[in-house]
> 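The structure under discussion is supplied below as structure tokens; questions concerning it will follow.
None of the values given here were measured: they were computed from a predicted structure.
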Amino acid sequence: MIDGYGRTIEYMRISITDRCNLRCRYCMPEGVDLVSMSDLLSFEEIEEICCAAAELGIKKIKITGGEPLVRRGCTALIGRIKQIPGIEEVTLTTNGVLLAQQMSELCENGLDAVNISLDTLSRCNYEEITGKDKLEHVLEGIQAAVEAGIRVKINSVLQKELNDAEWGQLIGLAKDQPIDVRFIEMMPIGYGKQFETIYNEDIQKKIREIYPDLEEDTRVHGNGPATYYHIPGFKGSIGFISAIHGKFCDKCNRIRLTSQGMIKPCLCYGKSYNLKEILRDFGEKIGTEDMKRMLKQRLETAILEKPEQHCFEHLDDITEKKDMIQIGG
């Protein structure tokens with residue numbers, strides 16, 4: 001479907017839970033006020049929304065959280081969405097802690113790719129950033145995904161005087177394995193306001209000092225707004241997602257569904273549209289043609305009213321900010 005600014009909207013990110021097994025310092029260090037499971041969309045409701053979205057031209061789905069793998073049945077949901085006519089790809093964003101133990105089920109259900117949040121290769125720094133000593137679990141998950149033939153991207157956020165010197169170790173993950181390592185600028189919202197943003201253009205300059213043959217990589221790496229570069233001899237590529245200096249709104253192709261059933265045309269814009277109320281109003285009659293028609297109408301409205309660009313000043317609720325660092329998708 002085409003939005004009001006001529007952009008083709010074909011990608012939907014779906015949060016399936018507000019829960020997470022880490023407490024990252026720039027995201028939710030003290031946790032969040034969790035909603036009851038009854039307030040979250042059921043998997044059947046998510047599937048209905050995906051069917052309606054597919055009829056409007058949504059082809060690609062990203063499953064996110066919180067941490068999606070903490071919700072029981074996540075792997076089976078991926079399989080169900082993969083079966084919907086028109087859906088071409090289902091991917092996952094995760095912190096990787098539970099990835100290795102669920103990799104077999106994810107492969108069985110047809111997962112196409114995985115984005116793994118990892119800001120450091122130092123066990124000490126990992127615990128400092130995430131609040132948990134789980135680095136080894138994440139590294140096992142990365143290896144399991146690579147061995148399974150799943151496309152892997154690493155999402156890294158650098159923080160001044162903590163892990164900002166680790167860009168060299170992080171891009172090393174792309175040297176001998178087909179892994180894309182992407183640097184995401186810290187957003188000045190939520191807890192992120194407490195940290196100084198390290199700009200991607202500065203990281204790129206440092207990389208180029210060591211690897212002067214760094215060259216732009218124009219291949220399609222996924223659905224997000226990252227710009228990619230390749231270092232000769234590396235199996236993977238290096239990506240940059242620069243929401244501060246390099247706004248990518250003119251190419252934005254996505255909408256977002258929150259775990260409580262709100263469609264957000266733009267993550268960094270306050271207006272959202274309630275799909276859960278439609279689903280719950282129909283109760284046991286879920287799946288009827290009238291319900292599908294109403295879902296499609298509200299989705300169409302959300303897409304047509306998608307703003308021209310993101311606006312940080314519209315965000316004032318921390319519960320709506322915690323997915324910001326994964327804006328690359």
> Report yes or no: does Asp176 contribute a side-chain atom to a donor-acceptor pair with the main-chain N or O of Lys235 at less than 3.5 Å?
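It does not hold such a pair.
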> Within the 3.5 Å criterion, strictly below it, is a donor on Thr120 or Asn163 matched to an acceptor on the partner's side chain?
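Thr120 vs Asn163: no donor-acceptor pair found between side chains.
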> We want to know whether Asp164 and Gln159 form a side-chain donor-acceptor pair, criterion being a heavy-atom distance below 3.5 angstrom.
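Side chains of Asp164 and Gln159: no pair found under 3.5 Å.
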> What's the verdict on side chain to side chain contact (heavy atoms under 4.5 Å, CB included) for Asn21 and Leu98, showing C-alpha distance, side-chain angles and the deciding distance?
CA-CA 9 Å; Asn21 48 358; Leu98 300 175; 3.8 Å; yes
> Looking only at heavy atoms, which two atoms of Gly141 and Leu99 are closest? And how far apart?
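Shortest heavy-atom contact: O-CD2, 3.5 Å.
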> Taking atom types as modelled and ignoring hydrogens, do the side chains of Arg219 and Ser237 form a donor-acceptor contact shorter than 3.5 angstrom?
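Ser237 and Arg219 do have a side-chain donor-acceptor pair below 3.5 Å.
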> Is any side-chain heavy atom of Arg7 closer than 4.5 Å to one of Lys306?
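Yes - at least one pair of side-chain heavy atoms lies under 4.5 Å apart.
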> Do the non-hydrogen side-chain atoms of Ile241 and Thr227 ever get within less than 4.5 Å of each other?
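Not in contact.
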> Would you indicate whether the side-chain heavy atoms of Leu41 and Gln260 approach each other to under 4.5 Å?
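When only atoms from C-beta onward are counted, Leu41 and Gln260 do not touch, as no gap falls below 4.5 Å.
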> Please determine whether the number of non-hydrogen atoms from other residues, nucleotides or ligands lying under 6.0 Å from atom NZ of Lys59 exceeds 12.
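Count not over threshold, so no.
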> Specify the closest pair of heavy atoms between Ala174 and Ile238, including all atoms of both residues, with the distance to one decimal.
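Ala174 and Ile238 have their closest heavy atoms at CB-CD1, 4.1 Å.
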> Any side-chain heavy-atom pair from Leu121 and Leu118 closer than 4.5 angstrom?
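With C-beta onward as the side chain, the pair touches.
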> Shared ILVMFWY cluster between Ile154 and Ile150, side chains joined below 4.5 angstrom?
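Yes; Ile150 is reachable from Ile154 via cluster members.
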> Give the intermediate values and the outcome of side chain to side chain contact (heavy atoms under 4.5 Å, CB included) for residues Asp213 and Arg208.
CA-CA 7 Å; Asp213 294 333; Arg208 198 176 291 279; over 6 Å; no
> Checking the side chain of Arg254 only, and the main-chain atoms of Ile9 only, is there a donor and an acceptor separated by less than 3.5 Å?
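Such a contact is absent between Arg254 side chain and Ile9 backbone.
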> Check His230 against Pro232 and note the closest heavy-atom contact, atom names and distance.
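That would be O-CD, 3.7 Å.
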> For the CD1 atom of Ile255 and the CD1 atom of Ile263, what is their distance to the nearest 0.5 Å?
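Going from the CD1 atom of Ile255 to the CD1 atom of Ile263 covers 4.0 Å.
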> Is there a donor-acceptor pair closer than 3.5 Å between any side-chain N or O of Arg23 and the backbone N or O of Cys20?
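Yes, because the side chain of Arg23 sits within donor-acceptor range (under 3.5 Å) of the backbone of Cys20.
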> Answer yes or no: is there a donor N or O on one side and an acceptor on the other, between the side chain of Gln102 and the main chain of Leu69, under 3.5 Å?
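Answer holds: yes.
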> Under the rule for side chain to side chain donor-acceptor pair (under 3.5 Å), what residues qualify as partners of Glu128, not counting sequence neighbours?
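Side chain to side chain donor-acceptor pair (under 3.5 Å) check on Glu128 returns Arg25.
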> Looking at every heavy atom in both Arg182 and Ala226, which two are closest together, and how far apart are they?
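Shortest heavy-atom contact: NH1-CB, 4.0 Å.
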> Go through Arg151 and Asp180 one step at a time and tell me if the side chain to side chain contact (heavy atoms under 4.5 Å, CB included) criterion holds.
CA-CA 9 Å; Arg151 301 198 314 273; Asp180 290 341; over 6 Å; no
> So does Lys264 get a backbone contact from the side chain of Ser272, meaning a donor-acceptor N/O pair under 3.5 Å?
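No; zero donor-acceptor contacts below 3.5 Å.
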> Please round to the nearest 0.5 Å and tell me the distance separating atom CG of Leu275 and atom OG1 of Thr258.
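Rounded to the nearest 0.5 Å, the CG-OG1 separation comes to 8.5 Å.
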> With a 4.5 Å cut-off on side-chain heavy-atom distances among I, L, V, M, F, W and Y, is there a chain of contacts connecting Leu77 to Leu295?
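Yes, same cluster.
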> Under a 4.0 Å N-O cut-off, is there an ion pair linking Glu47 with Arg80?
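Salt bridge flag = yes for Arg80 with Glu47.
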> Within the 3.5 Å criterion, strictly below it, is a donor on Lys62 or Thr91 matched to an acceptor on the partner's side chain?
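Indeed, the side chains of Lys62 and Thr91 share at least one donor-acceptor pair under 3.5 Å.
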> Could you tell me whether the side chain of Glu185 and the main chain of Asn200 form a donor-acceptor pair under 3.5 Å?
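At least one qualifying donor-acceptor pair exists.
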> So, the side chain of Lys153 versus the backbone of His221: is there a donor-acceptor pair under 3.5 Å, distance only?
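Checking the backbone N and O of His221 against the side chain of Lys153, a donor-acceptor pair under 3.5 Å is found.
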> With rounding to the nearest 0.5 angstrom, report the CZ to CD1 distance, Phe43 to Ile78.
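Interatomic distance, Phe43 CZ to Ile78 CD1, rounded to 0.5 Å: 9.0 Å.
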> Spell out, yes or no, whether Leu111 and Val146 are grouped together once hydrophobic residues are joined by side-chain heavy atoms under 4.5 Å, including indirect joins.
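Yes.
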> For Ser42, is there any backbone N or O sitting under 3.5 Å from a side-chain donor or acceptor partner on Glu45?
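Yes, the answer is positive, given that a donor and an acceptor are paired below the 3.5 Å cut-off.
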> Within the 4.5 Å heavy-atom criterion, are Tyr229 and Glu215 side-chain neighbours or not?
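A side-chain contact under 4.5 Å is absent here.
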> Any chance the side chains of Tyr273 and Glu305 put a donor and an acceptor closer than 3.5 Å?
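Glu305 and Tyr273 do have a side-chain donor-acceptor pair below 3.5 Å.
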> Would the number of heavy atoms belonging to other residues, nucleotides or ligands and lying under 6.0 Å from CZ of Arg123 be above 12?
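No, because the 6.0 Å sphere around CZ of Arg123 holds 12 heavy atoms or fewer from other groups.
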> Using a 4.5 Å cut-off on heavy atoms from C-beta on, say whether the side chain of Leu92 contacts that of Asn115.
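In short, these two side chains do not touch, never coming nearer than 4.5 Å.
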> Is it true that Phe234 and Tyr211 have ring centroids separated by less than 6.0 Å?
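Ring-ring flag for Phe234/Tyr211: true, centres closer than 6.0 Å.
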> Once side chain to side chain donor-acceptor pair (under 3.5 Å) is applied, do any residues pair with Lys82, and if so which ones, sequence neighbours excluded?
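Result, side chain to side chain donor-acceptor pair (under 3.5 Å) vs Lys82: Asp112.
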> Taking the side chain as every heavy atom from C-beta outward, state whether Leu34 and Arg19 have any pair of such atoms under 4.5 Å apart.
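When only atoms from C-beta onward are counted, Arg19 and Leu34 do touch, with a gap below 4.5 Å.
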> Is the shortest side-chain heavy-atom distance between Arg256 and Met12 below 4.5 Å?
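A side-chain contact under 4.5 Å is absent here.
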> For a salt bridge (charged side-chain N to carboxylate O under 4.0 Å, His left out) check, start with the C-alpha distance between Glu55 and Lys296, then their side-chain angles and the critical distance, and finish with the verdict.
CA-CA 8 Å; Glu55 292 184 16; Lys296 287 173 63 177; 3.0 Å; yes
> Distance check, rounded to the nearest 0.5 Å: Thr130 atom OG1 versus Asn95 atom CG?
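Thr130 atom OG1 to Asn95 atom CG measures 8.5 Å (nearest 0.5 Å).
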> Using every non-hydrogen atom in the two residues, find where Cys266 and Pro307 come nearest and quote the distance to one decimal.
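Taking Cys266 first and Pro307 second, the nearest heavy atoms are CB-CG, 3.6 Å.
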> Kindly check if the number of other-residue, nucleotide or ligand heavy atoms within 6.0 Å of NZ (Lys276) is above 12?
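Yes, the 6.0 Å shell around NZ holds more than 12 heavy atoms from other groups.
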> Atom CG in Asn155, atom OG in Ser117: separation rounded to 0.5 Å?
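These two atoms lie 5.0 Å from each other.
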> Please lay out, stage by stage, how Ile184 and Phe240 fare under the test side chain to side chain contact (heavy atoms under 4.5 Å, CB included).
CA-CA 6 Å; Ile184 303 177; Phe240 299 94; over 6 Å; no
> Are Ile179 and Leu135 connected in a single hydrophobic cluster, I mean Ile/Leu/Val/Met/Phe/Trp/Tyr linked by side-chain heavy atoms less than 4.5 Å apart?
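Leu135 clusters together with Ile179.
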> How long is the gap from CZ on Arg71 to CG on Asp18, to the nearest 0.5 Å?
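Taking CZ in Arg71 and CG in Asp18, the distance rounds to 9.5 Å.
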> In terms of hydrophobic clustering (I, L, V, M, F, W, Y; side-chain heavy atoms under 4.5 Å; direct or indirect links), are Ile129 and Ile116 co-clustered?
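No; tracing contacts between hydrophobic side chains, which count when under 4.5 Å, never links both residues.
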> Scan side-chain atoms only and decide if Glu67 and Thr17 contain a donor-acceptor pair under the 3.5 Å cut-off.
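Their side chains do not contain a donor-acceptor pair, so the 3.5 Å distance test is not met.
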> Give the minimum heavy-atom separation between Ile16 and Pro68, together with the two atoms involved.
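For Ile16 and Pro68, the tightest heavy-atom pair comes out as CD1-O, 3.6 Å.
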